Amino acid sequence: QLHLVESGGGLVQAGASLRLSCAPSGGTIIGYAMGWFRQAPGKEREFVAAINYSGDSTFYGESVVGRFTVSRDNAKNTVFLQMNSLKPEDTAVYYCAAAEHYGAGQKYDYWGQGTQVTVSS
C-alpha cells in the first residue's frame with residue numbers, strides 16, 4: 001500500500017509558476033510509474049502527465065504540453081510537477097497516482113488526496 005501525499009499547491013496569478021511534490025507517507029515510489037491528474041469543479045478528472053520508473057520517459061496531456069514538466073527523484077522518494085505559464089483554466093485539484101505499469105491508459109492503483117491549485121486572471 002502506498003499513501004501518497006501531494007504538496008505545493010496554492011493561489012497564483014496567471015503566468016506564474018508552481019511546483020507540486022508528491023511523496024509517500026509510507027512505502028516507496030521505486031518500481032511504480034507515476035502520474036499526475038487534475039479535476040476542476042464540475043469537470044471530469046483529466047490526465048496531466050506521467051513518468052516511467054527511472055524517469056527517462058514522460059508524456060503529457062495536450063493542454064499542458066510545453067508548460068508542465070514531470071520529474072522524479074527516486075533517491076528522495078518524490079515526484080514533481082513543475083507548472084509554468086499557468087492559466088486560469090489550470091485551476092483544479094491536482095492528484096498524484098502510482099501505477100504498476102507505464103503507458104497511456106494504465107490503471108493507477110494508488111492516489112493521493114490532492115492539492116488545490118488556483119490561478120487568478
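In this chain, numbering begins with 1 at the start of the sequence shown. As the structure is a computational prediction, the values presented were derived from the model and not from experiment.
Among all heavy-atom pairs drawn from Y95 and G112, the shortest one is CD2-O, 3.5 Å. The two residues V70 and Y60 come nearest to each other via the heavy atoms N-OH, 3.0 Å. Minimum heavy-atom separation, Q116 to A92: NE2-O, 3.4 Å. In terms of heavy atoms, Y108 sits closest to A99 at CD2-CB, 3.6 Å. Residue M83 comes nearest to L20 through the heavy atom pair CE-CG, 3.7 Å, listed as atom of the first residue, atom of the second, then distance.
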Working note: S54 + N52, criterion side chain to side chain contact (heavy atoms under 4.5 Å, CB included); need CA distance, chi angles, decisive distance, verdict. CA-CA 6 Å; S54 59; N52 71 341; 3.6 Å; yes
Pair K107-H101, side chain to side chain contact (heavy atoms under 4.5 Å, CB included): steps then yes or no: CA-CA 8 Å; K107 174 180 177 294; H101 303 289; over 6 Å; no
For side chain to side chain contact (heavy atoms under 4.5 Å, CB included), just list the numbers for W36 and V79, CA-CA rounded to whole Å, side-chain angles, deciding distance to a tenth of an Å, and then say yes or no. CA-CA 9 Å; W36 286 95; V79 179; 3.5 Å; yes
For side chain to side chain contact (heavy atoms under 4.5 Å, CB included), just list the numbers for Y102 and F59, CA-CA rounded to whole Å, side-chain angles, deciding distance to a tenth of an Å, and then say yes or no. CA-CA 10 Å; Y102 173 69; F59 62 99; 3.2 Å; yes
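Between the OG1 atom in T69 and the CZ atom in R19 there is a gap of 11.5 Å [rounded to 0.5 Å]. N77 CG to I30 CD1: the interatomic distance, rounded to the nearest 0.5 Å, is 6.5 Å. The OG1 atom of T78 sits 9.5 Å away from atom CE of M34, with the distance rounded to the nearest 0.5 Å. For the atom pair C96 SG and I29 CD1, the distance stands at 9.0 Å (nearest 0.5 Å). The distance from atom CZ of R72 to atom CG of L81, rounded to the nearest 0.5 Å, is 13.5 Å. Taken from CD in E44 to CZ in R38, the straight-line distance is 14.0 Å, to the nearest 0.5 Å.
A donor atom on one side chain and an acceptor atom on the other are not found under 3.5 Å apart for S21 and E6. S17 and N84 form a side-chain donor-acceptor contact under 3.5 Å, judged by distance and modelled atom types alone. Counting only N and O atoms by type, the side chains of T91 and E89 include no donor and acceptor under 3.5 Å apart.
Of the possible donor and acceptor atoms, one in the side chain of N74 sits under 3.5 Å from a partner among the backbone N and O of Y53.
Residues L86 and F68 have side chains in contact (heavy-atom distance under 4.5 Å, counting atoms from C-beta outward). Between R67 and S85 the shortest side-chain heavy-atom distance falls below 4.5 Å.
For an aromatic pair to be called close, the ring centres must be under 6.0 Å apart, and F37 with W111 satisfies this.
When the shell of 6.0 Å around CD of Q39 is examined, it contains more than 12 heavy atoms from other residues, nucleotides or ligands.
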